[in-house]
Each structure stands twice: as structure tokens, then as C-alpha cells.
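Beneath this line is the structure, given in C-alpha cells, with notes to follow.
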Amino acid sequence: MAFSVSSAMLSTDDTMQEAFVFPKFVVMGHRGFGMNMLQSPDEKMKAIKENSILSFNVAADFPIDFIEFDVQVTRDGCPVIFHDNFIYTQEQGVIIEKRVTEMALHEFISYGPQKDGANVNPMFRKIKDGRIFQWKVAKDDFLCTLKDAFVKVKRSQGFNIELKFDDNIVYGEEELSQTLENILKVVDEHAENRPIIFSSFHPDAARLIRKLQISYPVFFLTNGGCEIYTDVRRNSLDEAIKICKEGGLQGIVSEAKAILGTPNAVTLVKDSKLSLISYGQLKYIDNILLVFILWFCISSLLYFILKRIIFNDFSNVVEVVYLQYMMGVEGVIVDMVMEISEAIASIEVRNEEDDEEDDGRKCLILMGEESKKVRISNDAIAFLTKFVPKTTLFVQQ
């Protein structure tokens, strides 16, 4: 890694805390090389087992800055890496569910492929619409612990450790503290000089991990109102900013659609001395409107950006990632690690002086062999944000 995130960049006095700023635009691999969508016809979404050592190391071979993964703690106090609240398996032909945090470590690691080549306990995944799929991927791997990740993933690779909690459970402070202390014990023993940030959708967990340590930045995860929760603190960017300021957190990880849907979102976050990175998907738009937009934008880079917004995963297409960079977003969490990291690495941006009659930002953008000189102004960015769908299509947590 070319940079570090450590206590040297933070203030112990939350009221006087300086803004945390990544020294470069960062790309983070979602659950390693990308999440598994078992229901998807796209084989890329079922290539490598998510949240596995194999996935982390494959992602680390590309020019990314961090891998993002989900951590829970087993009944016997071991931090393990797994996204879902439940593991689904099959016993005597019946699908049953087992909560990860209620299992001991030995039971947790007994699911999926085993080091002796057996696969005694098959794994299934239940998706949001209730359907259940067998967890089949092209390249499977063992379930792993947080310690495994520190020991087996190259030490220069940054970790974005998401502290995972069940939305449907009310946790007391003592329970949260015990869980976070188990995680911090592993981090303290194995982190060495590895760049690390913590993140969580749980407001109290995010604030508590900040109280328990000051060595690593803490980011609050939010979908910015794309879904509504009982806990109002999770329902808007304004609430996210409030949580960060009150708890001394360093930044926000927001659903990308929420950023585009709030024209002054980046300004609000920056004025609060917070960093901002994004995640998420955005896919559909009215076809009639599409014809007009493409005709209007046909001769500029906006054509390519709009085309990607309409047809592809928002945070997984280089032109749209670049749009976020222009808006002031400091990094993205992506599933298409290979495509995005290599494209971002190949982009060269040369800022030029603005014309006297134009306040816009003019850049020479070089993308591989193709180069275009384009003028991207605040008006152009505002134009693009008008076409963000207002309804939630998919939220990944």
C-alpha cells in the first residue's frame, strides 16, 4: 500500500478533530473479489466464494486499496468473516437455519468445503425475496476467521472491517462492548502496519468502536433513506452526519443513489469535516426518457456516463465511478474488482485552467488508448443527478 490510516491522522479530542482524508481516490473490493449473487445469470457473480481467503487474495492481486468484509463473533468469542445472519444447511432433506452468533467456532467452520476434501454440511443462502439457493460457485473456499485474514492475506492490503449486527435485534451496550472487544483483540494482535478502517450500519456499534480505540478511522454506513428502518438514525444522510459528529467518527459510507439523490450531499459531508465513500447499485430508467437523454448527450462523455447509469451497476462502472470522483466522493466499494481497478489505474486526468467565461472544471481524460477532452461542470453533474430513480431497486448491506 502506498498509504496508511493510523492514529497519527486522528485527534483524540473529538470536538477539535481534523478531517480524515484519504491521500488518493480509493477502490475497495466488496467482500473481497465481489459478492455472490446466486440467483444471478451472470457467472461473474458466482465466480469465487465471497468473504473467503481465496477471494481476498485474488482481489489483492489487482490495484485496489482495501478489501471490505463482514465480521461477526461466534458464541465462544471468535470473530469470523461472514455476511448473512444465518447459515442455511440441509439435514435429512429439510432446509434449516442456524444463527452465526449462536454457533461455536468449530460448528461454524464445519459448513462448506473442508480441508480434508469433504463437504459434510452443504451451504445454502436465503435472499431477500425468501428464495433459497444452494451456495454453488466456480471456485469455492473454506469459511474463515478474522485472524485467518490477517495471517493469510498480504500485509500491504488494507482492510475495511464491517461490524455486522442483525437489524432485528436490540443490542445492549454490554453485549456490543463484548463483541467489539473480541474483534479489537484480534486486530491489536495481528494488525501490525496494515491500513484498517472500521465501518458499521449499527449507529451504537460505530460510536462504541470509536470510544474503544483511536488508532483506526471509523465510518458510519448508511443507505441514506433508500430503505426505511425503525431506527431513524439510519434513514438519511443528515442523520448519518449527526451520528458522525456526535460520536467523533471520521466518515460516511453511503449508498451511491442517496448521494446522487441529494444534490448537496457531498458539500454537507465535506463541510462536516467527514470523508465520503460509496457503495450500491442503480439500474433502470424510463426508455422514452432514455432516447431524449442519449440524443442530448450524444457528443460528450455524458453519453457514456448516462449509458452506464441506465444499464449497469452504479458503483461498478468506471465512467460513473469517475463522475463520483468529480463530485468529491473519495472512494468506492465495488464488486467488479478487476474491471474497475484496472480501468481506474489506466485513467489519467490533467486539469486545465478554466476559460474566463466558464466556471466549469475542464479536464483531459485519458482512458487507455482512447482520449477525449471534455468539460464537466457543476451544471452537468446536476443534470445527471436528475435521472436517478427515486425508488429502491436493490440495497446491499
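Numbers for residues simply follow the sequence, beginning at 1.
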So, K98 and Y111: side-chain donor and acceptor under 3.5 Å apart, yes or no?
yes
I would like to know whether C244 and I252 meet side-chain contact (heavy atoms from CB on, under 4.5 Å); could you show each step before the answer?
CA-CA 8 Å; C244 290; I252 293 172; 3.7 Å; yes
Flag the pair R31 and D335 as a salt bridge only when some basic side-chain nitrogen lies within less than 4.0 angstrom of an acidic carboxylate oxygen.
no
Give a yes or no on whether a salt bridge exists between D84 and K126, defined as a side-chain N under 4.0 angstrom from a carboxylate O.
no
Aromatic F133 / basic R125 pairing, under 6.0 angstrom, 45° off normal:
no
Any donor and acceptor pair, going by atom type alone, linking the side chain of E227 with main-chain N or O of N235 inside 3.5 Å?
no
Same cluster for I340 and F25 if Ile/Leu/Val/Met/Phe/Trp/Tyr side chains link at under 4.5 Å?
yes
To the nearest 0.5 Å, what is the distance between CD1 (I196) and NE2 (H190)?
11.0 Å
Note, Y279 side chain near E255 side chain (heavy atom, < 4.5 Å)
yes
Residues T74 and D76: side-chain donor-acceptor under 3.5 angstrom
yes
Do R131 and D129 meet the salt-bridge criterion of a basic N to acidic O distance under 4.0 Å?
yes
To the closest 0.5 Å, what do you measure between CE (M327) and OG1 (T267)?
9.0 Å
Output yes when D140 and K49 qualify as a salt bridge under the 4.0 Å nitrogen-oxygen rule, no when they do not.
yes
Mind checking whether L274 and I241 have side chains closer than 4.5 Å, heavy atoms only?
yes
Carboxylate-amine/guanidinium contact E246 R233, below 4.0 Å:
no
Do T89 and N121 pair up side chain to side chain, a donor and an acceptor below 3.5 Å, judged on atom types alone?
no
Of all heavy-atom pairs between I259 and A265, which one has the smallest distance, and what is that distance?
O-CB, 3.8 Å
State, with a plain yes or no, whether a side-chain heavy atom of H30 is found less than 4.5 Å away from one of V334.
no
Euclidean distance, L221 CG relative to E162 CD, rounded to 0.5 Å
5.0 Å
Test item: M103 and I87 side chains (from C-beta on) under 4.5 Å apart, heavy atoms:
yes
State whether a side-chain donor-acceptor pair under 3.5 Å links Q324 with S278.
yes
Indicate, with yes or no, if F108 and F124 share a hydrophobic cluster defined by side-chain heavy-atom contacts under 4.5 Å among Ile, Leu, Val, Met, Phe, Trp and Tyr.
no
Indicate yes or no: does E173 engage R207 in a salt bridge with an N to O separation below 4.0 Å.
no
Does any non-hydrogen side-chain atom of I169 lie less than 4.5 Å from one of R99?
yes
Should the pair F69 and F56 be assigned to parallel (<30°), tilted (30 to 60°) or perpendicular (>60°) ring geometry?
tilted
State, to 0.1 Å, how close L212 and S177 come at their nearest heavy-atom pair, and which atoms those are.
CD1-O, 4.5 Å
Any F198 side-chain heavy atom under 4.5 Å of V71 side chain:
no
S52 side, atom OG; D148 side, atom CG - distance, nearest 0.5 Å
11.0 Å
Using a 3.5 Å distance criterion without hydrogens, assess whether the side chain of N160 forms a donor-acceptor pair with backbone atoms of I67.
no
Could you grab the distance from atom CG of D231 to atom CD of E239, nearest 0.5 Å is fine?
8.5 Å
Should we count NZ of K270 as having more than 12 external heavy atoms under 6.0 Å?
yes
Without swapping roles, check the side chain of R210 against the backbone of G248 for a donor-acceptor pair under 3.5 Å.
yes
Are F150 and F159 an aromatic pair by the rule of ring centers under 6.0 Å?
yes
For G225 against I228, the heavy-atom pair lying closest together:
O-CD1, 3.9 Å
Do any N or O atoms from the side chain of Q250 and from the backbone of F219 form a donor-acceptor pair under 3.5 angstrom?
no
Donor-acceptor contact present, side-chain N57 to main-chain K152, <3.5 Å
yes
Side-chain contact, heavy-atom cut-off 4.5 Å: V253 with T222?
no
Is there side-chain contact between S200 and F220, with at least one heavy-atom pair below 4.5 Å?
no
Any donor and acceptor pair, going by atom type alone, linking the side chain of K46 with main-chain N or O of M37 inside 3.5 Å?
no
Considering non-hydrogen atoms only, spot the tightest contact between G34 and S55 and give its length.
N-OG, 4.3 Å
One thing to verify: whether D65 and K24 come together as a salt bridge, which I'm taking to mean a side-chain N less than 4.0 angstrom from a carboxylate O.
yes
salt_bridge(E192, R155) N-O dist < 4.0 Å:
yes
With hydrophobic residues grouped by side-chain heavy-atom distances under 4.5 Å, do V100 and I96 end up in a single group?
no
Relative to the ring of Y171, is the ring of H202 parallel (under 30°), tilted (30 to 60°) or perpendicular (over 60°)?
perpendicular
Under 3.5 Å: donor-acceptor pair, side chain of R194, backbone of Q157
yes
Donor-acceptor check, side chain of D70 to backbone of I81, threshold 3.5 angstrom: yes or no?
no
Which pair of non-hydrogen atoms, one from K136 and one from L38, has the smallest distance, and what is that distance?
O-CD2, 3.9 Å
Quick one: does any side-chain atom of E50 pair with a main-chain N or O of I48 as donor and acceptor, under 3.5 Å?
no
Which heavy-atom pair separates F201 from N223 by the least distance, and what is that distance?
CE2-N, 4.3 Å
Are any side-chain N or O atoms of Q213 and backbone N or O atoms of Y216, one a donor and one an acceptor, separated by less than 3.5 Å?
yes
Test side-chain contact (heavy atoms from CB on, under 4.5 Å), reference I209, set L176, L180, I183, T179, output is L180
Between S275 and E330, is there a side-chain donor-acceptor contact under 3.5 Å, judged purely by atom types and distance?
yes
Do NZ/NE/NH1/NH2 and the carboxylate oxygens of K185 and E189 come within less than 4.0 Å?
yes
Any chance you could measure S236, atom OG, to K242, atom NZ, to the nearest 0.5 Å?
9.5 Å
